[in-house]
Amino acid sequence: MVLAGAGSGKTRVITYRIAYLINNEGVLPQNILALTFTNKAAGEMRHRVDTLLHQGSSRGLWIGTFHSIFARLLRNYIDQIGYDRNFSIFDTDDSKSLIRQSMTELNISVESVPVNTVQGLISRAKNSFILPAEFHRNASDYNQQKASQVYELYAKKLKENNALDFDDLLIKPLELFNARPEVLKELQNSFRYIMIDEYQDTNRAQYLVAKMLGASHRNIFVVGDDAQSIYSWRGADISNILNFQDDYNEALTFKLVENYRSTGNILKAANSVIGRNLRQIKKELISHRDEGEPLTLIEAYNERNEAERVGDHIRIMHQKQGYEFRSFAIFYRTNAQSRVVEDVMRQNKIPYRLFGSVSFYKRKEIKDAVAYLRFILNERDSESLLRIINFPPRKIGDVSISKLKEFAEERGISLYDAIRCSEEGGFQARLVNALGSFSSVIEALKLLAVNGTVYDVLTELFNLTSIPLLLQAENTPESLARHENLQELLSMARDFSDHNPDGGSLGDFLENISLASDYEETQDSDNYVSLMTVHAAKGLEFPVVFITGLEERLFPLHCYEPEELEEERRLFYVAMTRAQEKIFLSWAQSRYQYGQLHHSLPSTFISEIDSSIVRTEGGILLSDRTSKEKTSSATSSLPRGYSQKTTIPSSAAGETPKPSRPALRAGVMVHHALFGPGVVLDVQGSGAKQKVRITFRNAGEKTLMVQYANLKIQQ
């Protein structure tokens, strides 16, 4: 096992080993199996091997992604477990369609359990190599119970279609090996040298296939970094790399810790944070470069001020220090955070590009919600009408819409007028009811728009249509991200209403969105600031990195169990180790979330960095701050609650000093016997009725009666 730390030259390891085996040890290319996760990585690996070897020497070499290699194996052997070799591979849409058919046959409505939820649960089960019978036995809640019924029928239908979905490409080899040991033996003899890249990202099924293929010769070579394991939400299991030495107790472990990317201070910061994780293989990165600058902490009063200060630093470094825009990257924890950053970049004419996502205003759920607002303002906007008439689904299909259009043309009226008088068109009662329900939503919103704010209208739209609730009910990473985006639009509407005279008009709000969505993001094709989530940043590097939104319940996100908090810490570690020269850390004292203004506390990750290498925008090192500065308000360098300590008052002359009981107040760290550590947000009332509101690390926000809470104030 090679533990290759960030920036240590991991990409070279497998390619040089392959070249050495073929050139120096005379190993046949067809006896080497090299597995990775992306087509890009596989292509780069093959290209490097070809460059290192003599022309044509790599012919027969098995290099590819897990999915592509396993599909190739199954083409040769799947007939031995009851499939034809010319099987189809169903993509996500094909899979979803077959799941929907299965649900219909089982009388499970998509309203009770969304198709995406069922698909996600089945996919997660397959990646963990949980077959239908086991999944059914262990189904614990309503969604899992329904999904377990669908899983069994869906698997049967796939076989009837002689088809595999993407997840089957990982689990069918296991079924094959268990059913046909002779096939496994043949492949073990063929693949004498197994190499796996990014081993920390393997799931249960990938781990088992590799273990079975390498069981006879135990010649398995893995490269990875447990500190960069950040994909548990899609099935990756960090225990695969943590337990490697247990699986292969004779294995040799090598640690690549010399980093060729980042300055000494960046690595010192990264080491001080990741060192707090309990589940890890200990290692510390060392720098190949000089110490470099300290990290800079940006403390803003809200999210717009945060984005503006980030923009100011970019502009100054571009103008005065000669940095190209391509030198900068802005990271955030959730896609929804990009909206304010995008707005500020446009206003300051700083070219930018989003990676791993589309621009906020071009995301489907945002365009759908905005289409409602446009139609409320202008009922002749047929394009918006056609976009929203069946969103959320109302069972108004293309055939029904065509009939409506014919009815409107016959009468010489608008499409919306045809909807309002659809009972006169001879349509089926079901369609008339659906159209009536739609028009009642529109009329209610139009009425509210006359005197209400944009925030009022958008809030009522979400209430009447239940769009956010439907996305929450799907409970997939994609649907929850879309839900976050809609909440960000709601926050934008609240901000707009709060900061415009008389609440601002709906027309003005839509005009702002139109101007923003029409902005040409990349004014210079190869010179722009990169915007992305931290997940999207893995594998990249930039001279200057801004890590934004470093607040409790945002980064780290929400409330976490210890192992989940450790993954958030690994994600922060990944963000820091993308930087070559300079890191800016930023947080905002308040932020609009779910349409409401919330006060924030700085992320615990900030306090985990060695304070001697973090300075304020004013140039003061955090380690040099006085006790008074540490307890001051947001205008001071270190915000309240960041590193709060209780004080002992001076005693009167001649008296034996006795510590007073420290008072509960906002920012004080406390510990509760059940809920664990937390930070006081505010204190209400006094005496026996005094209450305290606390945000706990693992239990979230709680309001407790002080006299019963038995809180211990952290000294």
Side-chain angles (χ1 to χ4, degrees), residues 262-277 284-285 287 290-302 305-306 309-310 312-313 316-317 330-331 333 544-556 565 568-569 571-573 575-579 581-591 599-647 665-669 677-680 695 697 714-715:
S262 307
T263 63
N265 279 333
I266 290 172
L267 298 185
K268 188 176 181 182
N271 287 332
S272 65
V273 170
I274 200 64
R276 304 219 173 206
N277 274 3
E284 282 208 358
L285 296 178
S287 181
D290 57 21
E291 279 196 350
E293 293 185 51
L295 287 68
T296 297
L297 180 63
I298 300 172
E299 298 163 317
Y301 56 83
N302 62 23
N305 179 242
E306 177 189 40
R309 286 157 81 165
V310 168
D312 288 343
H313 282 288
I316 290 168
M317 294 178 75
I330 302 173
F331 299 158
R333 180 62 182 84
V544 183
V545 163
F546 294 83
I547 309 173
T548 63
L550 280 167
E551 297 140 35
E552 290 296 289
R553 301 174 71 85
L554 183 57
F555 198 0
L565 178 61
E568 289 288 299
R569 190 176 282 115
L571 191 59
F572 183 53
Y573 173 85
M576 287 193 291
T577 53
R578 302 308 95 200
E581 300 170 14
K582 177 71 181 170
I583 292 178
F584 290 85
L585 309 169
S586 71
W587 75 284
Q589 265 206 314
S590 63
R591 186 178 297 269
H599 293 286
S600 308
L601 291 169
S603 170
T604 187
F605 296 154
I606 298 175
S607 65
E608 292 175 356
I609 299 173
D610 186 333
S611 61
S612 68
I613 55 170
V614 183
R615 67 185 177 195
T616 68
E617 289 177 284
I620 302 171
L621 288 176
L622 299 193
S623 57
D624 292 341
R625 284 180 167 171
T626 65
S627 176
K628 182 178 178 181
E629 286 175 325
K630 289 182 179 180
T631 58
S632 65
S633 64
T635 54
S636 72
S637 298
L638 192 58
R640 183 177 62 214
Y642 174 78
S643 184
Q644 190 93 13
K645 300 286 185 182
T646 55
T647 58
R665 62 182 182 278
V668 168
M669 302 289 293
V679 178
V680 175
T695 179
R697 161 60 60 201
Q714 302 297 290
Q715 299 290 329

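Since this is a predicted model, take the numbers as computed values, not measurements.
Residue Leu550 holds its CG atom at 12.0 Å from CZ of Phe331, rounded to the nearest 0.5 Å. Between the CZ atom in Arg569 and the CG atom in Asn277 there is a gap of 5.0 Å [rounded to 0.5 Å]. Taking CG of Leu622 as the reference point, atom OG of Ser612 lies at 9.5 Å (rounded to 0.5 Å). With rounding to the nearest 0.5 Å, the separation of CD1 in Ile606 from CH2 in Trp587 is 7.5 Å. Once rounded to the nearest 0.5 Å, the distance linking OG of Ser603 with CZ of Arg553 reads 13.0 Å. If you take CE on Met576 and OG on Ser262, they are separated by 10.0 Å, rounding to the nearest 0.5 Å.
Aromatic ring pairs are classed by plane angle as parallel below 30°, tilted from 30° to 60° and perpendicular above 60°; the pair His313 and Phe584 is tilted.
The side chain to side chain contact (heavy atoms under 4.5 Å, CB included) test with Thr548 is passed by exactly one of Leu554, Val310, Ile298: Val310.
Here the closest non-hydrogen pair linking Asn265 and Leu295 is O-CD1, 3.9 Å. Looking at every heavy atom in both residues, Glu284 comes nearest to Asn271 through CA-OD1, 3.8 Å. Listed here is the closest heavy atom pair of Ser600 and Glu551: OG-OE1, 3.4 Å. For the residue pair Ile547 and Ala575, the shortest heavy atom distance occurs at CD1-CB, 3.7 Å. When all heavy atoms are compared, the tightest approach of Ala269 to Ile609 is CB-CG2, 3.7 Å. When every heavy atom of Gly549 is checked against every heavy atom of Phe555, the shortest pair comes out as O-CB, 3.6 Å.
Between the side chain of Glu299 and the main chain of Ser586, no donor-acceptor pair closer than 3.5 Å is present. The backbone N or O of His599 sits nowhere less than 3.5 Å from a side-chain atom of Gln589 that would complete a donor-acceptor pair. Side-chain atoms of Thr616 come within 3.5 Å of backbone N or O of Ile620 as a donor-acceptor pair.
Lys268 and Glu291 are not joined by a salt bridge, as no carboxylate oxygen comes within less than 4.0 angstrom of a charged side-chain nitrogen.
Residues Tyr301 and Ser590 form no side-chain contact, since every pair of their non-hydrogen atoms from C-beta on lies 4.5 Å or further apart. Put simply, the side chain of Val614 does not reach to within 4.5 Å of the side chain of Pro294, judged on heavy atoms.
Between the side chains of Thr296 and Lys582, at least one donor N or O sits under 3.5 Å from an acceptor N or O.
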Practice task
Step by step, work out the side-chain contact (heavy atoms from CB on, under 4.5 Å) result for Leu297 and Glu617.
Solution key: CA-CA 6 Å; Leu297 180 63; Glu617 289 177 284; over 6 Å; no
